Colleague: 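Quick one: the structure is below, questions incoming.
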Amino acid sequence: MKNAIIIHGMPSKEEFEQLQGAQRHTGHWQPWLKNELEKQGITAVIPEFPVPYEPDYKAWSEVLNQYPISENTILVGHSCGGGFLIRWLSENKVRVGKVALVAPWTDPNNKFAPKMFAGMEIDPSLVERTDGTKLFISLDDDIEIQETAKQLNESLSDLRVQEFTDKGH
């Protein structure tokens with residue numbers, strides 16, 4: 001049975017505190033995607049990761065590891081969530097289904113999320129353990145998102161890239 005795990009990004013502390021309840025972890029387009037996947041018979045979840053405005057790789061990994069992940073699992077990560085997936089897949093040599101990286105961010109200047117990305121090494125063979133990995137990027141997104149996309153495109157063989165010109169972050 002197919003399942004999907006949708007991983008949110010890193011909001012600012014102010015944005016996080018303004019949102020109430022489940023909205024804190026399911027903003028943007030993630031609930032829409034969850035609903036669309038479920039219409040296709042795919043069980044989908046949007047995990048709540050601790051302190052998303054100060055992401056910690058170890059803490060986020062503990063949450064993700066609670067879910068069944070196999071070759072039937074679709075992984076979707078937005079922004080910091082996409083960067084987290086790259087690190088997690090690089091460090092955990094598991095076979096998964098499709099992987100979608102939406103405007104992924106790995107803090108290329110190591111200024112905002114040191115507990116998430118310090119010491120991160122991208123496994124160049126990561127895509128080989130998936131049923132396809134696709135990066136979605138808008139050319140009008142922030143420079144750090146553009147830098148991350150370039151880094152991933154250079155590091156990962158067989159990465160497919162879908163560019164947009166006017167979708168922002």
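Model, not experiment: these values are computed from the prediction.
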Colleague: How far apart are the C-alpha atoms of Asp131 and Arg95, what are their side-chain angles, what is the distance that settles it, and do they pass the side chain to side chain contact (heavy atoms under 4.5 Å, CB included) test?
Modeller: CA-CA 8 Å; Asp131 284 339; Arg95 176 116 180 108; 2.8 Å; yes

Colleague: Determine whether Pro47 and Trp60 make a side-chain contact, defined as any pair of heavy atoms from C-beta on separated by less than 4.5 Å.
Modeller: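 Answer no - side chains too far apart.
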
Colleague: Please name the residue in the list Val94, Ile5, Thr130 that meets the side-chain contact (heavy atoms from CB on, under 4.5 Å) test with Thr73.
Modeller: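 Testing Thr73 for a side-chain contact (heavy atoms from CB on, under 4.5 Å) against Val94, Ile5, Thr130 leaves exactly one candidate, Ile5.
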
Colleague: Can you find a pair of side-chain heavy atoms, one from Trp88 and one from Ile69, that are under 4.5 Å apart?
Modeller: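 Trp88 vs Ile69: side chains touch.
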
Colleague: Does Lys150 come within less than 4.0 Å of Glu147, counting only side-chain N to carboxylate O?
Modeller: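 Looking at Lys150 and Glu147, the cut-off is not met.
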
Colleague: Is it true that a side-chain atom of Arg160 and a backbone atom of Gly132 form a donor plus acceptor pair closer than 3.5 Å?
Modeller: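 No, because the side chain of Arg160 does not come within donor-acceptor range (under 3.5 Å) of the backbone of Gly132.
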
Colleague: Between the main-chain N or O of Val45 and the side-chain N or O of Lys34, is there a donor-acceptor pair closer than 3.5 Å?
Modeller: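 No, the answer is negative, given that no donor and acceptor are paired below the 3.5 Å cut-off.
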
Colleague: Going from CD1 on Ile6 to CG on Leu33, what distance comes out if it is rounded to the nearest 0.5 angstrom?
Modeller: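 The CD1 atom of Ile6 sits 4.0 Å away from the CG atom of Leu33.
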
Colleague: Any donor-acceptor pair under 3.5 Å linking the side chain of Asn153 with the backbone of Ala149?
Modeller: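 Looks like no, no N/O pair under 3.5 Å.
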
Colleague: Can any side-chain N or O of Arg129 pair as donor or acceptor with the backbone N or O of Glu71 at less than 3.5 Å?
Modeller: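 Side chain of Arg129 to backbone of Glu71, a donor-acceptor pair under 3.5 Å: no, none is there.
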
Colleague: Would you check if Pro55 and Phe49 make a side-chain contact, meaning some heavy-atom pair closer than 4.5 Å?
Modeller: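 Pro55 vs Phe49: side chains apart.
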
Colleague: Would Trp105 and Leu139 show up in the same hydrophobic cluster when neighbours are defined by side-chain heavy atoms closer than 4.5 Å?
Modeller: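 Unlinked, Trp105 and Leu139 end up in two clusters.
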
Colleague: Hey, are the side chains of Gln146 and Ile137 touching, using non-hydrogen atoms and a 4.5 Å cut-off?
Modeller: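 With C-beta onward as the side chain, the pair touches.
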
Colleague: Is the closest side-chain heavy-atom distance between Asp123 and Leu89 below 4.5 Å?
Modeller: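 Counting from C-beta outward, Asp123 and Leu89 never come under 4.5 Å.
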
Colleague: How about Asp56 and Val51: do any of their side-chain heavy atoms sit closer than 4.5 Å?
Modeller: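 Asp56 vs Val51: side chains apart.
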
Colleague: What's the spacing between Leu126 CG and Thr133 OG1 if we round to 0.5 Å?
Modeller: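 Answer rounded to 0.5 Å: 6.0 Å.
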
Colleague: Are the aromatic rings of Phe84 and Tyr57 close, with centres under 6.0 Å apart?
Modeller: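 Yes, close enough.
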
Colleague: Group every Ile, Leu, Val, Met, Phe, Trp and Tyr by side-chain heavy-atom contacts under 4.5 Å, then state whether Leu152 and Ile143 land in the same group.
Modeller: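 No; tracing contacts between hydrophobic side chains, which count when under 4.5 Å, never links both residues.
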
Colleague: Could you report the tightest heavy-atom contact between Asn110 and Pro114, atom names first, then the distance?
Modeller: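 Smallest interatomic distance, heavy atoms only, reads OD1-CA, 3.9 Å.
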
Colleague: Between the main-chain N or O of Ser138 and the side-chain N or O of Gln162, is there a donor-acceptor pair closer than 3.5 Å?
Modeller: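 No.
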
Colleague: Looking only at heavy atoms, which two atoms of Ile145 and Ala103 are closest? And how far apart?
Modeller: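 Smallest interatomic distance, heavy atoms only, reads CD1-O, 3.7 Å.
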
Colleague: For Lys58, look at atom NZ and say whether over 12 heavy atoms of other residues, nucleotides or ligands are found less than 6.0 Å away.
Modeller: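 It does not: Lys58 NZ has 12 such atoms or fewer within range.
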
Colleague: Taking atom CG of Asn35 and atom CD of Gln40, what is their separation to the nearest 0.5 Å?
Modeller: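 The distance works out to 10.5 Å.
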
Colleague: Passes side chain to side chain contact (heavy atoms under 4.5 Å, CB included), Trp29 versus His78? Steps please.
Modeller: CA-CA 10 Å; Trp29 44 265; His78 176 241; 3.5 Å; yes

Colleague: Which heavy atom in Phe136 sits nearest to a heavy atom in Ala100, and how many Å separate them?
Modeller: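 Smallest interatomic distance, heavy atoms only, reads CE1-CB, 4.0 Å.
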
Colleague: What are the two closest heavy atoms between Thr148 and Asp107, and how far apart are they?
Modeller: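 Looking at all heavy atoms of both residues, the shortest contact is OG1-N, 4.5 Å.
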
Colleague: Looking at every non-hydrogen atom in both residues, tell me the closest pair between Arg87 and Met120 and how far apart they are.
Modeller: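 Between these two residues, the closest heavy atoms are CB-SD, 3.8 Å.
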
Colleague: Rounded to the nearest 0.5 Å, how far apart are CD of Glu128 and CG of Leu156?
Modeller: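 CG of Leu156 is found 10.0 Å from CD of Glu128.
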
Colleague: According to a hydrophobic-cluster definition based on side-chain heavy atoms being under 4.5 Å apart (Ile, Leu, Val, Met, Phe, Trp, Tyr only), do Ile74 and Met1 belong together?
Modeller: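 In one cluster: no.
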
Colleague: Less than 4.5 Å apart, side chain to side chain, heavy atoms only: is that true for Phe117 and Pro108?
Modeller: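 No. Closest side-chain heavy atoms not under 4.5 Å.
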
Colleague: Ser79 and Gly9: which non-hydrogen atoms are nearest, and at how many Å?
Modeller: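 Minimum heavy-atom separation between Ser79 and Gly9: CB-CA, 4.3 Å.
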
Colleague: Answer whether the closest heavy-atom distance between the side chains of His8 and Gln30 falls below 4.5 Å.
Modeller: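 They are in side-chain contact.
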
Colleague: Taking Asp158 for its side chain and Val127 for its backbone only, find out whether a donor-acceptor pair lies under 3.5 Å.
Modeller: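 Such a contact is absent between Asp158 side chain and Val127 backbone.
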
Colleague: Donor-acceptor pair, Asn3 side chain versus Thr43 backbone, under 3.5 Å?
Modeller: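 A pair under 3.5 Å: no.
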
Colleague: If you count the non-hydrogen atoms of other residues, nucleotides and ligands that lie under 6.0 Å from NZ in Lys2, is the total more than 12?
Modeller: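 At most 12 heavy atoms, drawn from other residues, nucleotides or ligands, come within 6.0 Å of this atom.
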
